[in-house]
Number of protein chains: 2
Amino acid sequence: MSLRYALLGVLEARPMTGYELAQFFGQSAAWVWSAPHSNIYPELRRLEEEGLLVGTTDLRGEKLERRTYSLTDLGLTKLLKWAVTEPTPSYLRDPLLVKVGFLDLADPTEAAVMLRAFIGQQNDLIDGWEEHIAQLRELEAPLLKERLKHRPEAIHEAVAELKANAFQGLIDVARARSECAERALQILETMTNCGT
Amino acid sequence: MSLRYALLGVLEARPMTGYELAQFFGQSAAWVWSAPHSNIYPELRRLEEEGLLVGTTDLRGEKLERRTYSLTDLGLTKLLKWAVTEPTPSYLRDPLLVKVGFLDLADPTEAAVMLRAFIGQQNDLIDGWEEHIAQLRELEAPLLKERLKHRPEAIHEAVAELKANAFQGLIDVARARSECAERALQILETMTNCGT
DNA sequence: ACGGACATGTAAAGAGTTACATGATTGG
DNA sequence: CCAATCATGTAACTCTTTACATGTCCGT
């Protein structure tokens with residue numbers, strides 16, 4: 001369900017083609033949700049059928065058709081309704097946390113390699129998100145600029161801050177997981193020291 | 001894929017029936033992974049077919065059959081192999097972060113209700129996990145006690161600490177999300193103040 | 001003319017949720 | 001004897017991933 005609303009939310013900034021959206025959602029770091037084009041195209045058609053989007057087809061060159069989707073009033077209404085509904089109590093499932101809980105049984109050297117690889121991955125993600133936050137705060141992020149065109153100037157900074165806050169959430173979650181891996185490394189070290 | 005390894009990992013402590021496992025994975029707070037019984041029973045049969053588990057059927061009373069599954073050497077090997085394989089670069093998908101990013105468009109009062117409900121949910125989860133961590137540290141958690149029976153005493157505390165660390169990871173992730181919601185509340189407040 | 005970006009799809013398989021379905025045992 | 005717990009399953013549906021598939025346009 002989140003994909004559909006993520007699409008509506010991005011299209012609130014400006015109309016886009018499926019291809020553009022697929023790029024957006026393909027580079028996972030760029031947005032809070034990710035999806036391959038094979039998800040996006042069918043979902044866009046469904047959203048149009050339901051009247052949450054309207055699409056217009058135009059031509060690039062002679063034959064290559066492309067369809068540009070815009071958010072309708074109904075689409076915006078549905079997006080906002082969703083945004084304020086309480087999340088059903090559920091929690092994030094994290095395969096890493098399953099792994100770290102069983103590492104006492106594994107070879108400590110291999111475990112350390114895995115943990116360090118994970119920490120490296122998370123740090124890379126964090127770096128990307130931090131850059132994006134900086135862009136948002138300077139009101140330089142391309143999509144944000146589009147959004148702000150149809151919003152009163154008085155709230156521009158607050159809107160930017162709200163978007164930045166979402167990415168800060170991603171960063172903090174990544175840090176929490178990374179630090180958990182870090183602590184696991186230390187615990188495994190004490191274990192090998194007293195074991196042998 | 002994680003479910004299968006979570007099952008193997010729990011069964012490393014002691015043999016269990018599908019019913020017991022379903023209770024374990026049903027009360028989401030109790031374990032790092034959750035699943036309904038309709039997932040667990042078929043998965044157990046598959047794991048047995050593949051030789052990662054062995055099951056024995058016995059009777060409760062006259063007719064009621066139940067099957068108790070134990071981890072095999074092969075099962076343990078596969079679990080450990082999985083535990084040390086590097087996670088494929090991916091990130092957690094968080095519907096809340098999608099929501100908070102669009103709240104500038106929503107009614108601030110409704111948004112605040114949603115955010116406070118979310119924060120409340122996360123705090124409840126955190127309380128449960130904290131209790132469980134305390135139990136683990138005192139070596140009082142039932143499943144941990146079973147596990148430690150077949151491990152050298154020198155590492156008992158370290159094993160407990162490793163399990164506690166996994167739950168600490170859950171808590172820290174929940175805190176990160178909760179604090180993100182908290183910040184969103186504040187930003188929305190500044191927005192309504194300057195907007196009207 | 002060719003490679004890379006543009007542009008859009010279908011299909012199959014895997015993972016997860018929800019509902020439906022059945023019956024036995026135990027304790028009050 | 002009745003309710004709660006014990007015990008195990010199937011089926012339908014949704015969501016996500018991965019692979020397969022096709023063709024156009026633009027710059028060099």
Side-chain angles (χ1 to χ4, degrees), chain A residues 1-8 11 15-28 31-50 53 55-69 82 87-95 98, chain B residues 1-8 11 15-28 31-50 53 55-69 82 87-95 98:
Chain A
M1 273 296 98
S2 295
L3 173 59
R4 84 174 358 215
Y5 295 106
L7 287 168
L8 294 177
L11 290 172
M16 282 194 201
T17 66
Y19 186 78
E20 279 180 288
L21 288 162
Q23 286 193 302
F24 224 82
F25 285 84
Q27 40 183 7
S28 54
W31 186 248
V32 182
W33 205 260
S34 84
H37 72 271
S38 56
N39 278 356
I40 290 169
Y41 288 117
E43 188 67 38
L44 287 171
R45 271 180 277 128
R46 254 172 272 144
L47 286 165
E48 187 173 10
E49 267 174 47
E50 294 171 37
L53 297 179
T56 55
T57 300
D58 65 321
L59 288 176
R60 294 254 317 194
E62 292 292 300
K63 291 180 183 171
L64 189 53
E65 292 194 340
R66 69 173 177 186
R67 194 156 183 80
T68 305
Y69 293 93
W82 173 79
T88 57
S90 76
Y91 67 105
L92 297 183
R93 283 174 164 176
D94 190 343
V98 179
Chain B
M1 270 300 97
S2 294
L3 172 59
R4 85 174 356 215
Y5 296 106
L7 288 168
L8 294 177
L11 290 173
M16 282 193 199
T17 66
Y19 186 78
E20 279 179 288
L21 287 162
Q23 287 193 302
F24 223 84
F25 285 84
Q27 40 184 12
S28 53
W31 186 248
V32 183
W33 205 259
S34 85
H37 73 273
S38 56
N39 277 355
I40 290 170
Y41 289 117
E43 187 66 38
L44 287 171
R45 270 179 278 126
R46 254 172 272 143
L47 286 165
E48 188 173 9
E49 267 173 48
E50 295 171 38
L53 296 178
T56 54
T57 300
D58 66 322
L59 287 176
R60 293 253 316 191
E62 292 291 299
K63 289 180 185 174
L64 189 54
E65 293 195 339
R66 68 173 177 187
R67 194 156 183 81
T68 304
Y69 293 92
W82 173 79
T88 57
S90 77
Y91 67 106
L92 297 184
R93 282 173 164 176
D94 190 343
V98 179

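By convention in this document, chain letters (A, B, ...) are assigned in the order of the sequence lines, proteins followed by strands, and residues within each chain are numbered from 1. Quick caveat: nothing in here was measured; it's all calculated off a predicted structure.
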query: Along nucleotides 19-28 of chain D, 5' to 3', which nucleotides get a B, which get an S, and which get a -, given that the test is a protein heavy-atom distance under 4.0 Å?
result: B---BBS---

- prompt: Between D:dT5, C:dG16, D:dG9, which nucleotide gets closest to the side-chain atoms of B:Arg45?
  reply: D:dG9

- line: The bend of the helix from C:dA1-D:dT28 to C:dG28-D:dC1, taken between the axes of its five terminal pairs at each end and rounded to 10°, is 20°

message: In whole Å, I'd like the distance from the CZ atom of A:Phe25 to the C1' atom of D:dT18.
response: 20 Å

task: Looking at every strand, decide which applies to A:Arg4 at a 4.0 Å heavy-atom threshold: base, sugar-phosphate, or nothing.
output: nothing

field: Along DNA chain D (nearest heavy atom to each residue), the more 5'-positioned of B:Thr17 and A:Ser2
entry: B:Thr17

Contact summary for B:Trp33 and A:Pro95, nearest pair of heavy atoms: CZ3-N, 3.8 Å

query: Whole Å only: how far is the CG atom of B:Leu59 from the P atom of D:dC6?
result: 18 Å

query: Should A:Gln23 be listed as having a side-chain N or O under 4.0 Å from OP1 or OP2 of C:dC6?
result: yes

statement: Sorted by chain and number, sequence neighbours left out, ring pair (Phe, Tyr, Trp, His ring centres under 6.0 Å) with A:Tyr5 holds for A:Trp82

field: Side chains of B:Tyr69 and B:Arg45 in contact at under 4.5 Å (non-hydrogen atoms)
entry: yes

For B:His37 against B:Pro42, the heavy-atom pair lying closest together: O-CD, 4.2 Å

query: Rounded to the nearest Å, what distance is computed from the CG atom of residue B:Leu3 to the C1' atom of nucleotide D:dT16?
result: 17 Å

Separation of atom CE in B:Met1 from atom P in C:dG14, rounded to whole Å: 9 Å

task: Could you tell me whether the side chain of A:Asn39 reaches within less than 4.5 Å of the side chain of A:Pro36, counting heavy atoms only?
output: yes

message: Can you confirm whether A:Tyr19 sits close enough to A:Tyr41 that some side-chain heavy atom of one is under 4.5 Å from a side-chain heavy atom of the other?
response: yes

query: For B:Arg46 and D:dT10, what is the distance between atoms CZ and P respectively, to the nearest whole Å?
result: 11 Å

message: Using whole Å, what does the distance between atom P of nucleotide C:dG9 and atom CG of A:Asn39 come to?
response: 14 Å

message: Any non-hydrogen side-chain atom of A:Glu65 less than 4.5 Å from a side-chain atom of A:Leu59?
response: yes

message: Counting the atoms with a prime plus P, OP1 and OP2 as sugar-phosphate, which does A:Glu20 contact under 4.0 Å by heavy atoms, base, sugar-phosphate, or nothing?
response: nothing

message: If you compare all heavy atoms of A:Ile40 against all heavy atoms of A:Leu21, which two are closest, and at what distance to 0.1 Å?
response: CD1-O, 3.9 Å

message: Taking the basic N atoms (NZ, or NE/NH1/NH2) and the acidic carboxylate oxygens, is any pair closer than 4.0 Å for B:Arg46 and B:Glu43?
response: yes

task: Using a heavy-atom cut-off of under 4.0 Å over every strand shown, decide if B:Glu43 touches base, sugar-phosphate, or nothing.
output: nothing

query: If only side-chain N and O atoms of B:Tyr19 are considered, is one of them under 4.0 Å from the OP1 or OP2 phosphate oxygen of D:dC6?
result: yes

- prompt: Given atom CG of B:Leu44 and atom C1' of D:dA7, what is their separation to the nearest angstrom?
  reply: 13 Å

query: Has B:Arg93 got a side-chain N or O lying under 4.0 Å from the OP1 or OP2 atom of D:dT17?
result: yes

- prompt: Looking only at heavy atoms, which two atoms of A:Leu3 and A:Ala35 are closest? And how far apart?
  reply: CD1-CB, 3.8 Å

query: At under 4.0 Å, does any side-chain N or O of B:Tyr41 touch on OP1 or OP2 of D:dT8?
result: yes

task: Figure out the CZ/C1' separation between B:Arg67 and D:dC6, and round it to whole Å.
output: 18 Å

